[in-house]
*Asks:* 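Supplied in structure tokens, the structure appears directly below.
To find a chain, count down the sequence lines: A is the first, B the second, and so on, and within it residues start at 1.
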Amino acid sequence: MPGTAELPVCDIDVFSPAALEDPEELHRVLRGAGPVVYLSRYDVRALARHEEVHAALADWQHFESGSGVGLANFRHEEPWRPPSVLLEADPPRHDAPRRVLRDILAPSALRVLRAAWQRAAEELVEQVLTSGTGEFDAFTELACAFPLKVFPDAVGLGPYGRENLLPYGNVAFNSFGPVNDLVRADAHRVAELSAWVNAQCAREALTDDGFGARIWAAADRGDLTRAQAPLVVRSLLTAGVDTTVHGLAACLYAFATHPEQWQRLRERPELARVAFDEAVRWQSPVQTFFRTATTDVTIAGALVPEGTKILMFLGAANRDPDRWDDPDRFDLTRDPSGHVGFGMGIHQCVGQHVARLEAETLLTALAARVEHIELTATPGRHLNNTLRSWASLPVRVHRTR
Amino acid sequence: MVVTLEISAKEAVAEGVVALTLVHPAGARLPDWTPGSHIEVVLPDRTVRHYSLCGSRWDAYTYRVAVLREPYGRGGSALVHDTLRPGDRVGVGGPRNHFPLVPSETYLFIAGGIGITPLLPMVQQAELLGAEWQLLYGGRTRASMAFLEELTAAYGERVHIAPQDEVGLLDLGSWLGAPRLDTKVYCCGPAPLLTAVEAACAHWPAYTLRTERFTAAEQAAPVRDVPFEVELRRTGRVVTVTPDVSVLDAVRSVGVDVLSSCEQGTCGTCLTPVLEGSPDHRDSILADHERVANTCMFPCVSRSLDDRLVLDL
Ligand code: HEM
Ligand code: FES
């Protein structure tokens, strides 16, 4: 590769099971090596410090998404599905879908959902607390159950096949990495899962009052094309389920392992929003995304040649000691503002207010009913090339009297 | 972040039209925008005027606006022409976009006079997208029409120049006579032109015509340049916000956390309920009706029009 001679080189497989299982050590190595590190396994440059990751995320002019935000370079490689009109698009094509979705998912547009989601959270928590011994898997019973209860309804999905959502997201988020065992393991399901998801994006498959219907209404007004509308719905189904499931799991894990922080939340339930963002900073459910240089770009003196990929470690940036005091601590007194767990700039998570509302309603319902949460066994990780994921979170909870 | 930008250049671009180039005083990136966006500029008399962005968003470090000297001495434009100079600083809100370019195979852009400004980035975009497009550009005289050379040099025959003193009023009948399903019509200019285009498009399908009116919109109270107080009702604290700090930073300085992210008024994270008072909204997010409701604000950029603002914090 031209221009790599002077760069620090790292030959670790950053998508290996070991690195995905325990990314913190890798992150330390990458941050310490320099502002730009050459990953020899994948022939890409990587950024792991907050300053450089933040700057690269914001700079869509020099770092495009249209050649794919995974390792595959769409300039030379065929995407596994028609590219996203949001995540994998650049201005000007990105503008119209982004504007439509921004308005549909704006905080003011979500206000109507709050009361229903509060009720749903209270019912779910009551049911979990009364149906057993107080010991359960918080990953399946809460982190999966809650988003899968409220989000597909809000989109307007039909009742059948919702069990395909998490496996589809798993495939999609694996696809941003290399073709490794994680990708191969699900290869046989891709066609079937994609077919189901694509079928749900059609207008006829959606209720007439959800996010999906509003996307189609935007197409009726000409704000989107009819070809874009199903792809925008697909973005919700791809990006909106697994992310919140593992984000909520991260939050519950944080509280189960930091009982004093749970007490703080119980005393001041209005901290729920900050708590969720602090958990997103601390665990970074979305660990990485790639960009492609639109021209020769220099970052901190290092050349990124035109057309090559850079890999941004959001998770490493979110624990950069140059940006955060005591970064490995989950701490509700910290102000997590400025973390890049939702990205930054024109592609910054358009669903972040949805994720926050889910977290706020669930945490508030729990804080009112649960005195104490603790782990009963080591939680299980699920490996994914992009998502910091969970398989189980066995807990015991003590109900308030 | 207190949104104050510096004028880095000022040049005459046509008879009675000056273009201003604005940069961040510290050389920072400016908030992203899309064609059709305007910014709100706080003039030295503390009134606010809206100007369409007419530069290139591929340059993240400058904004460009063009300002016509209004004939009947409406305060703002004379101040821009006669008073503002390179090196001066102005308060800026937005960018906001009420005139977005929607996808289409074909566009017809119709500009009247200074109404060319929002259309300039749109034609650039239509070209990039490989769309079919034409620009019909009318004005009083050739000399009064901004960006003529730039447009004809870049786009040649797609641009149809129609100075009124040479060819009379725009021939809307022949341009808009037969409705075309694949075409979106974008029009910006003086009220009579918009009214005429609306009438000519009356038999076109719904949503094909998109317009932006340049009106002397009723002016809100002048923006304040003196400190104000923010009461945090739940916390029971009051903090004074001086002109050089944001409400967000002032609130944080007394130990109250507000979650933020972009600190540019674009992401929506710092949304804060307003209990009393009138915010001076500077964000890119709220629609006009949400702004006047005064029930919420984005303290990373927005301020207060009154002596006191009460927040639900
Ligand atoms: C904890 C939960 C979530 C996390 C950590 C997260 C993270 C992210 C990140 C890092 C990006 C930026 C991608 C880039 O820069 O290339 C992003 C974009 C996006 N997110 Fe989320 N997300 C979450 C929840 C959601 C939800 C609930 C939705 C849908 C309602 C959603 C929809 C999207 C979409 C459509 C994009 C693409 C936006 C664009 O490219 O303009 N996300 N998300
Ligand atoms: S922090 Fe993004 S709008 Fe205020």
*Asks:* Is it true that, when you exclude B:R237 itself, more than 12 heavy atoms of the residues, nucleotides or ligands shown sit nearer than 6.0 Å to its CZ?
*Replies:* no

*Asks:* Should A:R98 and B:D32 be marked as a salt bridge (Lys or Arg N to Asp or Glu O under 4.0 Å) after you check the CA-CA gap, both sets of side-chain angles, and the distance that decides it?
*Replies:* CA-CA 13 Å; A:R98 176 79 194 190; B:D32 291 306; over 6 Å; no

*Asks:* Name the region of B:T208, side chain, backbone, both or neither, that has any atom closer than 4.5 Å to a heavy atom of chain A.
*Replies:* neither

*Asks:* Report, as yes or no, whether the 6.0 Å neighbourhood of atom CZ on A:R93 holds more than 12 heavy atoms from other residues, nucleotides or ligands.
*Replies:* no

*Asks:* Considering non-hydrogen atoms only, spot the tightest contact between B:C267 and A:H353 and give its length.
*Replies:* O-NE2, 2.8 Å

*Asks:* Report which part of A:A55 has an atom under 4.5 Å of a heavy atom belonging to chain B: side chain, backbone, both, or neither.
*Replies:* neither

*Asks:* Surrounding CD of A:E51 (heavy atoms of other residues, nucleotides or ligands, distance under 6.0 Å), is the total greater than 12?
*Replies:* no

*Asks:* Answer whether the closest heavy-atom distance between the side chains of B:R57 and A:P92 falls below 4.5 Å.
*Replies:* yes

*Asks:* What's the spacing between A:S108 OG and B:L271 CG if we round to 0.5 Å?
*Replies:* 8.0 Å

*Asks:* Between A:D220, A:V100, A:D277, A:V350, who has the most heavy-atom pairs with chain B when the cutoff is under 4.5 Å?
*Replies:* A:D277

*Asks:* Say you draw a straight line from CD of A:Q352 to OG1 of B:T269; how long is it, rounded to the nearest 0.5 Å?
*Replies:* 4.0 Å

*Asks:* Taking atom types as modelled, is there a side-chain donor on B:R29 or A:Q61 under 3.5 Å from an acceptor on the other?
*Replies:* yes

*Asks:* Non-hydrogen atoms of chain A under 4.5 Å away: do they reach the side chain of B:R210, the backbone, both or neither?
*Replies:* side chain

*Asks:* About how many Å separate OG1 of B:T34 and NE2 of A:H94, when rounded to the nearest 0.5 Å?
*Replies:* 11.0 Å

*Asks:* Once rounded to the nearest 0.5 Å, what's the spacing between atom CZ of B:R252 and atom OG of A:S337?
*Replies:* 4.0 Å

*Asks:* Heavy-atom pairs under 4.5 Å with chain B - which of A:V274, A:V340, A:T225, A:D59 has more of them than the others?
*Replies:* A:D59

*Asks:* Sort B:A206 into side chain, backbone, both or neither according to what part of it lies under 4.5 angstrom from a heavy atom of chain A.
*Replies:* neither

*Asks:* To the closest 0.5 Å, what do you measure between OG (B:S261) and CE (A:M344)?
*Replies:* 3.5 Å

*Asks:* Where does A:L224 contact chain B at under 4.5 Å (heavy atoms): side chain, backbone, both or neither?
*Replies:* backbone

*Asks:* Give the intermediate values and the outcome of side-chain contact (heavy atoms from CB on, under 4.5 Å) for residues B:V102 and A:R99.
*Replies:* CA-CA 10 Å; B:V102 298; A:R99 183 179 173 96; over 6 Å; no

*Asks:* So for atom CZ, which belongs to A:R268, do other residues, nucleotides or ligands contribute more than 12 heavy atoms lying within a distance under 6.0 Å?
*Replies:* no

*Asks:* Select one option (side chain, backbone, both, neither) describing which atoms of B:P35 are under 4.5 Å from chain A's heavy atoms.
*Replies:* side chain

*Asks:* In terms of heavy-atom proximity below 4.5 Å to chain A, should B:P100 be classed as side chain, backbone, both, or neither?
*Replies:* side chain

*Asks:* To the nearest 0.5 angstrom, please state how far the SG atom of B:C262 sits from the CD1 atom of A:I346.
*Replies:* 14.0 Å

*Asks:* Against chain A, work out which of B:P205, B:A60, B:P103 has the most heavy-atom pairs shorter than 4.5 Å and name it.
*Replies:* B:P103

*Asks:* Evaluate the criterion side-chain contact (heavy atoms from CB on, under 4.5 Å) for residue pair B:Q125 and A:D95; output intermediate values, then yes/no.
*Replies:* CA-CA 11 Å; B:Q125 176 140 328; A:D95 297 350; 3.2 Å; yes

*Asks:* State whether the number of non-hydrogen atoms from other residues, nucleotides or ligands found under 6.0 Å of A:D325 atom CG is greater than 12.
*Replies:* no

*Asks:* Can you tell me which portion of A:D103 sits under 4.5 Å from chain B's heavy atoms? Options are side chain, backbone, both or neither.
*Replies:* neither

*Asks:* Against chain B, label A:D223 side chain, backbone, both or neither, depending on which of its atoms sit under 4.5 Å from a heavy atom there.
*Replies:* both

*Asks:* In plain terms, say whether A:R334 and B:D257 are close enough for a salt bridge, that is, a side-chain N and a carboxylate O under 4.0 Å apart.
*Replies:* no

*Asks:* Could you report the tightest heavy-atom contact between B:G268 and A:P107, atom names first, then the distance?
*Replies:* O-CG, 4.2 Å

*Asks:* Given the options B:S260, B:S104, B:A287, which has more heavy-atom pairs under 4.5 Å with chain A than any of the others?
*Replies:* B:S260

